[in-house]
J.: 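My structure is below; once you've seen it, I'll send some questions.
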Amino acid sequence: MRQQRPAYKWFYDNIHSREYDLALRWFLWPFGGERRFRREMMACVPFDDRERILDLCCGTGSSARAIREQAGRSARIVGADLSIGQLRRARAKEEIRDVLLVEADASATPFRAGHFDTVVIPHALHEMPRRTRIDVLREARRLVRPEGRVVVLELDDPPSRLRRLLMGLWLGYWLPYPINFENPTRRDMVRRGVVAEMKAAGFERTRRISKFEGTMQVVFGWNGPSAG
């Protein structure tokens, strides 16, 4: 990703990171606000308080904060993101001062294979083209131990036409590319399906949970058929 998408990285480092938290608070207001939204998304992910957890594509650290609240103070959490600008914002958040934050390409991290019990990818895959999504999922699979799991938090396509319309209006799906640069990759991810892409990345067992009236989803992937 560093070589393939330098403009994307520059945008997040120097522009988007400055307004990222404010924008999220606005966009997630209909879901009860950002903190409630993140707690609800993480509520279906049980953690052991001794786990090693990687927050992959951690952004400005709000996802790591939600993981910390769910997993407890004894869990060891690492956050990784390609954008140093996003990580600067994360390092300023008091609630995650104990989280190790690393600048890293999500498709080729510096961590050794099998190092983590859980890898969480929070609302990042929809920004990536298919090849990058598969590469990131394969890397996440490499990073978890044999009995570990990967958890993807993502947008979904609700079954209700009215809800699809309202969601699209609120989240700016109607804005043309490149104003909303996520539109092409988001549509492709939803069309192909996160479960299908996790299987394409090598996960033998998956589980999907629908959230917020079908507008969001949590997808689990395990390395082996008897894991989980």
Side-chain angles (χ1 to χ4, degrees), residues 1-9 12 41-42 44-45 47 51-59 63-64 67 71 75-84 86-87 99-157 181-182 184-209 216-228:
M1 285 172 63
R2 191 186 304 274
Q3 290 77 24
Q4 294 172 345
R5 308 181 74 188
Y8 176 92
K9 184 182 186 305
Y12 265 87
M41 291 295 288
M42 294 302 305
C44 59
V45 186
F47 290 103
E51 280 195 54
R52 293 189 303 269
I53 305 164
L54 174 63
D55 182 4
L56 190 58
C57 306
C58 67
S63 54
I67 293 169
R76 288 166 287 177
I77 303 173
V78 176
D81 200 274
L82 182 64
S83 168
I84 190 64
Q86 300 278 72
L87 293 173
V99 173
L100 175 63
L101 298 171
V102 179
E103 183 183 5
D105 182 335
S107 64
T109 70
F111 310 114
R112 63 178 174 82
H115 182 69
F116 295 97
D117 301 293
T118 299
V119 173
V120 180
I121 308 175
H123 306 283
L125 291 181
H126 71 272
E127 300 177 0
M128 307 172 188
R130 174 173 168 77
R131 180 176 177 180
T132 305
R133 292 195 302 268
I134 299 298
D135 286 346
V136 169
L137 288 169
R138 284 175 176 156
E139 176 67 359
R141 180 173 176 265
R142 182 187 74 84
L143 293 174
V144 292
R145 62 186 177 85
E147 299 80 17
R149 63 192 172 169
V150 172
V151 183
V152 174
L153 314 179
E154 261 305 343
L155 298 161
D156 203 359
D157 194 28
F181 62 89
E182 299 175 358
T185 54
R186 173 191 55 79
R187 284 195 296 263
D188 185 61
M189 183 201 74
V190 170
R191 179 177 64 85
R192 295 178 184 275
V194 175
V195 168
E197 294 200 330
M198 292 189 83
K199 290 180 178 177
F203 291 95
E204 298 181 53
R205 183 182 169 210
T206 60
R207 180 190 177 203
R208 179 181 173 277
I209 299 174
M216 301 288 164
Q217 58 185 318
V218 180
V219 183
F220 297 81
W222 293 275
N223 277 334
S226 62

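Each residue takes its place number in the sequence, starting with 1.
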J.: Got a second to check how far I53's CD1 is from T118's OG1, nearest 0.5 Å?
T.: 5.5 Å

J.: If we check side chain to side chain contact (heavy atoms under 4.5 Å, CB included) with L153, which of these qualifies: V194, V219, V120, L125?
T.: V120

J.: What distance separates R187 CZ from E182 CD, expressed to the nearest 0.5 Å?
T.: 11.5 Å

J.: May I ask you to decide whether E154 forms a salt bridge with R208, counting only side-chain N to carboxylate O separations under 4.0 Å?
T.: no

J.: Hey, could you give me the CD/CD1 distance between E51 and I67, rounded to the nearest 0.5 Å?
T.: 10.5 Å

J.: Looking at C57 and M128, what are the two nearest heavy atoms and their distance?
T.: SG-CE, 3.8 Å

J.: Does some side-chain heavy atom of D117 sit less than 4.5 Å from a side-chain heavy atom of F47?
T.: no

J.: Checking E197 now: which residues fulfil side chain to side chain contact (heavy atoms under 4.5 Å, CB included) with it, not counting sequence neighbours?
T.: R130, R133, I134, L137, M189, R192

J.: Indicate yes or no for a side-chain donor-acceptor contact from T185 to the backbone of H126 under 3.5 Å, with no hydrogens or angles considered.
T.: yes

J.: Side-chain contact, heavy-atom cut-off 4.5 Å: R149 with V45?
T.: yes

J.: Distance check, rounded to the nearest 0.5 Å: C44 atom SG versus Q217 atom CD?
T.: 11.0 Å

J.: Sequence neighbours left out, what passes side chain to side chain contact (heavy atoms under 4.5 Å, CB included) with R207? Give chain and number order.
T.: I209, F220, W222

J.: So which atom in I84 and which in E103 form the shortest heavy-atom distance, rounded to 0.1 Å?
T.: CD1-OE1, 3.9 Å

J.: If you round to the nearest 0.5 Å, how far is CZ of R205 from CG of N223?
T.: 12.0 Å

J.: Is the closest side-chain heavy-atom distance between L87 and C58 below 4.5 Å?
T.: yes

J.: Quick one: closest heavy-atom pair of H123 and E127, and the distance?
T.: O-OE2, 4.2 Å

J.: Answer yes or no: is there a side-chain heavy-atom contact under 4.5 Å between T109 and L56?
T.: yes

J.: I need the minimum non-hydrogen distance between S63 and D55, along with the two atoms involved.
T.: OG-OD2, 2.6 Å

J.: Suppose we screen for side chain to side chain contact (heavy atoms under 4.5 Å, CB included). Which residues come up paired with V150, at least two apart in sequence or across chains?
T.: V119, I121, A140, V144, V152, M198, F203

